[in-house]
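Worksheet for the structure shown next.
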Amino acid sequence: MPAITIFLIALAAILALGFVFFKYFFGSRIHSRTTYILAGLRFLSIFILLVLLINPKITQRELETEKPDLFLAVDRSFSIEHLDESENVRDFVRQFTSHDELNDRFRLQVYGFGNQPEPQQDDQIDFDKPQTNISRTLRDLQKLGRNQQSAIVLITDGHQTLGENYQYFNSGERTGLYPVIVGDTTAQVDLAITNLNVNKYAFLNNDFPVEVLVNYTGNEEVNSKFEIRSGNAVLYSRPVNFSNEKSSEIISTTLPANRLGAVVYEASIIPLESEKNIINNTRKFGVEVIDERTSILLLSSLAHPDLGAIKKSIEQNEQREVMIEYVNNYSSINISDFQLVIIYQPTSLFKPVFNDIDSQKLNYFMITGIQADWNFINSVQQDFRRDLTNQTQDVFGIYNRNFTQFQFDDLNFGRFPPLKDRFGTLNFDTDIYSPLLFQRIEGIETQKPLLAVADISNTRKGILFGEDIWKWRSQSYVDTGSFEDFDNFMSRLVQYLASTQRRDRLTVEAEAVYLENETILITARFFDQNYIFNPDGELEIEVRQTEPEAVIRAPMLLSNNRFEFGTTSLAPGEYGFTIREINSGISRSGNFVVLEYNIEQQFSSANMSGMQNLASGNSVQLYFMNSGEELIEVLLTDKTYISVQKSREKVIPLVQWKILLLLLVVSLATEWFTRKYFGLI
C-alpha cells in the first residue's frame, strides 16, 4: 500500500479520535460506561466513513494451477456404427474419462466430431453424423490449446468425406497427436462404386454421358456385372472382371434423355458371394431433362469481329443455334422462326425488321456502335434517344450489384477494354430498363446504362451501347484462362431475353434432384408491383413428402437479395413444395426428389493407410482400440505435459468491501438504539 494512503488512514484515525474526544470527554470529569460505549461507536462510524472517502486499494494475489489440455476427439459419423464399433469406442472413451490419475494431470475434454468438433458427454456419444471432416477437427482443437502444451487423442476409422486431406496435418511443437484407429484394419473382399460423374441437366432427345468408377479390394480374380437401370428397365449393362493387378475400372457410357423432368437412375454392380458390405454396390443418381432449344437470328449491316464472338459465345450451349445474316437478305428470312433477334448496329435498312418485331411482339437485343444510325434508332423507338454527333467515345462497364432480374457474377467488368459508341447525351424517356452495367466515361461513373434489359407486355428487349464486345470475351480468357465465365454470362443474358414466359412477382429456384444428407437449398425472389425486389416480403415455404405423408412449414430468410430455405434433414423420397408470400397471397409450387445415398456407409474397413500416413507425418505411433492402457501410460510418463502455476494480482478498491458498509450500518444503528434506551434522544 502506498505511503500516502497509510498517512491518510492514520490521519483519519486521528480526526475520528479528536472528534470523539471533544464530543464526549473534553470539559467533562464524569464518564460512565455508556459514555465509553457511545464514544467507541461514534469513533468507529467516523473512521469508516473517512476510510471509505480515502478509498484505498488493496492488492490480492491468487495462485492458480493450470493443467495441460487433453482432447479426446471422437468420430461420431455413421461409418463407426456401420463398422459395428460404436460400443467399443464408448468403452475406450470411458477408460480415459474414468482414470483418476489421468484426470489429476490433465484437463480432459471430450469432443465429438462430424463436420466440426462439438463438446461431448462421454456417456452420451451417438454416431449419427452424415459427414466427417478430420482435418478441420484437428485444426480447431489445436487452436484450443491455449498457447501451452496440449495433447489430442484422435479416435476415428480414418475415413474423411469432406475437407482437406488430414494425412498432411502437422500438429506442431505445442500439440501432441495420438491417432487411434477404429475398426477392422484387414481389407475385406469388396466391390464398390466409389465415384459417379454425371451432369445435373440433360437436354431433351439428346444423349448425356455417365462415368462410373468401380473399385475392387481383394487378391483373387473375380467376375461380376455392371448395370444402369431406370425403374425396372435395364438401360446399360456389361460384364466386369478384377484381380490383384486390376483393382479398378472406369465405365463410360451415354444414356438417352427422352422425357422431360427429373429422372432417377440406379447404377449397380452385382455383389460377390463373400462380400460383407453390399451398400456401396449401388448408387442412385438423378438428371433433370429440360427442353431449352433456342434459335437466334443475328442481323447486321456490316462485317465485324463481334458477330463471330457473339455466335461462339452463345453456341457454347449446344441447345442454342445462332444464324448470322445481313440485313440485305432479310426478305428471305421468316423472323417468326426465332425466339430472339439480335440487331447489330442498325441503320435505315432495318426498317422492315423493326416493323415485324413490333407487329409480332418479338424479343430483341440491340447493339449500337460507331456505324449505327442514331437518327433511325431515335425514330423507331421511344424508350431512349441520343443527340446526333460524329465523334466517338470509349465506354467502360460498371457492375450493378442491385440488378435482380436474374443472377450473374461480376467478371471484373471495370477492367475490361472499353466499348466504342457515338458521343452524345443519352436520355431515357421511360424507366422500364433495368441496367446490368452502368457507363464509366473518362473515369467518371454515371448512372446511364451501358447494358440494360426490359420486360413489358410479355416482350423482352435488351440494349448494349457500344461495339467491340469481342474484346471482352478475349479479356475474360486472359484473366481466367477460359472463355467459360464470359460465355456463362452471355448464356444467362440470352436465356432471359429469349424467354417468352410472363414475368412473375414471385420467382423460385430449386434443383430437381438432391442427394441424401446434402444441403437442400431453395431460393426465391419477391418483387413489388413495379417489379422491384422487395426485401420486406414475408415468405413461407411448405414442403410435403408424398410417402409417408409429412409436412414441414418454415419462414424463408433474407440473404443477399434473395430468400432462402435450407435443410439437410429430409429423408429420401419425392417432395412437393409451395412458397407463399403472406401479405399478398402470391404463391408458387414445385417438386424435387431426394435420392438415398449415405457416403459414410460406403466403407467396409478402416482406412489403415491414411491413419498410418498421419502418424508417420507427425513422428508418432499409431494406436489401436486395445491399446488404451498403453496410451494412458505414455501420457502419464511424458514429461512434456506439466502443470503451470500462475500468479494473478487483483487490485480491489476498499469501497467495494460490502462488509465495511455493513459494519457502518451496525455501528450507527447500535449507537442510535443505545441513546434511545438511555433516553439521550
Side-chain angles (χ1 to χ4, degrees), residues 69-83 85 89 109-120 127-147 149-183 185 187 192-197 211 213 215 217 248 280 283 480-482 514-521 566 568 597-623:
D69 288 311
L70 173 59
F71 302 108
L72 297 186
V74 184
D75 188 345
R76 289 185 52 200
S77 63
F78 282 130
S79 61
I80 301 296
E81 189 80 42
H82 180 64
L83 296 174
E85 293 287 342
V89 172
Q109 304 171 68
V110 181
Y111 280 83
F113 68 91
N115 183 22
Q116 60 185 7
E118 300 172 350
Q120 185 73 49
F127 302 93
D128 54 1
K129 299 297 183 182
Q131 293 178 321
T132 310
N133 193 334
I134 298 175
S135 59
R136 177 177 178 178
T137 299
L138 292 173
R139 192 168 55 250
D140 289 352
L141 293 181
Q142 186 183 39
K143 293 177 182 178
L144 291 177
R146 301 186 303 176
N147 294 323
Q149 202 69 32
S150 60
I152 301 174
V153 177
L154 176 66
I155 307 167
T156 178
D157 58 9
H159 291 295
Q160 177 170 280
T161 57
L162 75 164
E164 301 172 1
N165 193 336
Y166 71 89
Q167 300 179 41
Y168 303 109
F169 173 80
N170 190 325
S171 61
E173 296 181 356
R174 289 187 172 273
T175 306
L177 179 62
Y178 302 89
V180 180
I181 191 165
V182 178
T185 57
I193 297 176
T194 55
N195 203 1
L196 191 151
N197 298 319
E211 184 181 77
L213 175 62
N215 276 353
T217 303
S248 65
N280 56 15
R283 178 81 70 89
T480 65
S482 169
Y514 297 94
L515 293 179
E516 182 184 10
N517 297 320
E518 79 172 353
T519 300
I520 297 169
L521 182 64
T568 58
Y597 178 64
N598 190 333
I599 191 172
E600 294 288 345
Q601 295 180 344
Q602 305 300 307
F603 313 114
S604 58
S605 59
N607 184 4
M608 181 67 179
S609 61
M611 292 292 284
Q612 188 62 62
N613 290 338
L614 174 65
S616 300
N618 290 274
S619 301
V620 296
Q621 177 183 341
L622 177 63
Y623 295 88

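Asn165 CG to Leu614 CG: the interatomic distance, rounded to the nearest 0.5 Å, is 9.5 Å. With values rounded to the nearest 0.5 angstrom, Thr519 atom OG1 is found 10.0 Å from Tyr514 atom OH. Expressed to the nearest 0.5 Å, how far CG of Asn170 lies from OG1 of Thr175 amounts to 9.5 Å. Expressed to the nearest 0.5 Å, how far CG of Leu177 lies from CG of Asn618 amounts to 5.0 Å. Atoms CD1 and CG, on Ile181 and Leu154 in that order, are 10.0 Å from each other to the nearest 0.5 Å. Distance OG/Ser150 to NZ/Lys143: 13.5 Å, rounded to 0.5 Å.
With hydrogens and angles ignored, the 3.5 Å screen pairs no side-chain donor or acceptor of Tyr178 with any backbone N or O of Val620. Between the side chain of Arg76 and the main chain of Gly112, no donor-acceptor pair closer than 3.5 Å is present.
Taking every heavy atom of both residues into account, Asn195 and Arg283 meet most closely at N-NH2, 3.9 Å. Shortest non-hydrogen contact noted between Glu173 and Gln149 is O-NE2, 3.0 Å. Heavy-atom minimum distance, Leu83 versus Ala606: CD1-N, 4.5 Å. Closest heavy-atom contact between Gly163 and Ser135: C-OG, 4.1 Å.
Side-chain contact between Glu118 and Lys129 is present, with heavy atoms from C-beta onward closer than 4.5 Å. Within the 4.5 Å cutoff, the side chain of Arg136 has heavy atoms near those of the Asn115 side chain. Considering only heavy atoms from C-beta on, Met611 comes within 4.5 Å of Thr156 through its side chain. Inter-residue side-chain proximity for Gln160 and Asn607 is flagged as unmet; no heavy-atom pair is nearer than 4.5 Å. Thr137 places none of its side-chain heavy atoms less than 4.5 Å from the side chain of Tyr111. Annotation: side chain of His159 is not in contact with side chain of Thr132 (no heavy-atom distance under 4.5 Å). At least one side-chain heavy atom of Asp75 sits less than 4.5 Å from a side-chain heavy atom of Phe113. Looking only at side-chain heavy atoms (C-beta outward), Phe169 and Ile134 stay at 4.5 Å or farther from each other.
Shown here is Glu164, whose CD atom has no more than 12 heavy atoms of other residues, nucleotides or ligands within 6.0 Å.
Checked options Asp128, Asp157, Ile155; the residue passing with Ile80 is Asp157 (criterion: side chain to side chain contact (heavy atoms under 4.5 Å, CB included)).
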Inset, instruction - Please report the C-alpha distance between Leu622 and Met608 in whole Å, then the side-chain angles of each, then the deciding distance to 0.1 Å, and finally whether the side chain to side chain contact (heavy atoms under 4.5 Å, CB included) criterion is met. - result: CA-CA 10 Å; Leu622 177 63; Met608 181 67 179; 4.0 Å; yes
Inset, instruction - Using the side chain to side chain donor-acceptor pair (under 3.5 Å) rule, take Ser77 and Ser79 through it: C-alpha gap first, then chi angles, then the decisive distance, then the call. - result: CA-CA 5 Å; Ser77 63; Ser79 61; 2.8 Å; yes
